[in-house]
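Inspection log for the structure reproduced underneath, given as structure tokens.
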Number of protein chains: 2
Amino acid sequence: MAAARRLIDRDGWEKLTVRKLAAESGVAPTTLYHHIRDKEDLLKQLLDDAADGLERPSLPSDPHERIIAAATAIHTSLSAWPWLAEVLIADDLTGDAAMWMVETILGAAVEAGRTPEQAVDVYRAIWYYTAGEILVRASASRRRAELDGPTYRDLYILGLDPEAFPHVTSVAEEWPRLAARDTYEAGLRGLVRGLLGVDPERSASSDA
Amino acid sequence: MAAARRLIDRDGWEKLTVRKLAAESGVAPTTLYHHIRDKEDLLKQLLDDAADGLERPSLPSDPHERIIAAATAIHTSLSAWPWLAEVLIADDLTGDAAMWMVETILGAAVEAGRTPEQAVDVYRAIWYYTAGEILVRASASRRRAELDGPTYRDLYILGLDPEAFPHVTSVAEEWPRLAARDTYEAGLRGLVRGLLGVDPERSASSDA
DNA sequence: ACCTGAACACCGTTCAAGT
DNA sequence: ACCTGAACACCGTTCAAGT
């Protein structure tokens with residue numbers, strides 16, 4: 001099933017079809033149905049394979065930083081294969097590698113003084129933020145690659161009425177540049193700070 | 001094209017096909033191509049229509065609360081039609097109603113002391129969080145509706161090794177209940193607090 | 001056990017032809 | 001201007017038949 005990954009890397013996972021995969025593998029389309037139950041099963045297998053390959057970075061002892069490290073690790077892996085994130089939410093987040101992130105975040109949140117129930121809320125907020133970042137940015141960059149020019153949205157923003165939308169229009173020209181910046185970690189830090197409160201270890205020093 | 005909305009409400013927007021829409025409208029499939037350029041154009045028209053219908057709640061004067069109100073309004077509207085959020089990220093977030101939310105958040109962030117550039121970062125973090133929440137929860141509930149029983153993931157979590165995943169397994173039984181709770185606003189408040197600093201109502205100093 | 005072609009019930013889209 | 005059937009190039013999936 002390495003052929004599947006090759007096709008996905010080239011054309012994106014939405015373009016993967018049973019028939020094309022068969023052709024790439026030099027086999028009849030119907031043959032694949034001896035190895036997979038249906039197309040959904042094929043994607044699930046690819047998902048599990050990829051999930052096993054996620055990296056597990058070393059973890060800082062400070063709970064805040066540990067959450068940042070775990071979330072950033074997942075984020076980095078998923079950014080490399082955005083199709084993975086899309087299958088992930090279309091399907092489900094499982095696999096030991098993904099669970100390792102959940103475990104790390106829950107543990108750190110509990111250590112930071114949350115109840116287990118609150119820790120689940122912390123994890124969920126982080127996952128929503130992370131999944132959203134991946135999905136929105138992946139589809140934006142795919143669209144940009146297809147278009148090879150300003151998107152419909154960029155043009156839309158430039159055409160807005162400055163009286164009705166003063167703040168948006170004041171950054172309209174800069175929007176593409178600002179939107180292209182990677183602000184995942186900055187946002188993540190804000191989120192963790194807001195959810196867990198100010199880090200006692202770092203409250204004395206200045207904070208970004 | 002109210003027929004399209006009827007079909008989407010019934011079967012979900014992924015199931016909408018040009019041919020079925022034609023049948024529902026009592027017309028030949030090819031006829032539709034006089035009103036739309038292609039299927040993507042059809043979805044874009046539906047998107048613009050729906051965006052115009054978004055509600056615009058009254059806004060509190062406090063910048064923090066104004067951001068919460070704007071984000072929650074968008075979140076409420078999108079929750080009602082999750083397909084809208086999916087088209088939205090597959091396509092693009094435009095329309096005056098959506099821009100109104102952007103404008104509101106940028107204005108409030110600037111009022112809270114951010115530069116216009118930082119205000120864009122605040123908006124982006126909120127949008128990632130909101131879009132992620134909608135998309136993850138929409139696909140989870142759709143999956144649950146299809147399955148009519150515990151999901152693959154629920155079972156997976158229950159089968160985890162307690163030694164390797166102590167925190168996850170300690171809440172494993174409660175997971176479905178915890179995951180079903182609506183924690184959007186709580187997470188959003190944490191995010192805003194973390195991004196903008198402590199609520200000025202509780203401390204007059206602007207930090208971070 | 002593994003693979004196959006034929007077939008079924010679908011797709012989006014084009015195009016020449018009708019009113 | 002509006003609508004049409006025929007046609008093309010695709011889909012996922014089943015199934016009886018081959019080795």
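Of the listed nucleotides (D:dT13, C:dT4, D:dC11), C:dT4 has the atom at the smallest distance from the side chain of A:Val27. Comparing D:dC11, C:dT4, C:dT13 by their nearest atom to the side chain of B:Val18 picks out C:dT13. Across C:dG12, D:dT13, D:dC3, the shortest atom-to-atom separation from the side chain of A:Lys39 is found for D:dT13.
Between the OH atom of B:Tyr33 and the P atom of D:dC3 there is a distance of 16 Å, rounded to whole Å. Atom pair A:Glu14:CD and C:dG12:C1' shows a separation of 17 Å (rounding to whole Å applied).
Under 3.5 Å, the side chain of B:His34 and the base of D:dC3 form at least one donor-acceptor pair of N or O atoms.
Heavy atoms only, all atoms of each residue included: B:Leu196 and B:Ala112 are closest at CD1-CB, 4.1 Å.
An OP1 or OP2 oxygen of D:dC3 is reached within less than 4.0 angstrom by a side-chain nitrogen or oxygen of B:His35. Contact annotation: A:Thr30 does not reach the phosphate of C:dT4 (side-chain N/O to OP1 or OP2, under 4.0 Å).
In this structure, B:Thr17 reaches the sugar-phosphate backbone alone: every heavy-atom distance under 4.0 Å involves primed, P, OP1 or OP2 atoms, never a base.
Remark: A:Glu117 engages B:Arg177 in a salt bridge, criterion side-chain N to carboxylate O under 4.0 Å.
Under the Watson-Crick or G-U wobble criterion, with both distances below 3.5 Å, D:dC11 has no partner in any strand shown. The partner of D:dA1 is C:dT19, by the rule that a Watson-Crick or G-U pair needs both atom distances under 3.5 Å.
Side chain of A:Thr31 to main chain of A:Val27: no donor-acceptor pair is present (N/O by atom type, distance under 3.5 Å, no hydrogens or angles).
Under the 6.0 Å cut-off for aromatic ring centres, A:Tyr128 and B:Tyr128 do not qualify, their centroids lying 6.0 Å or more apart.
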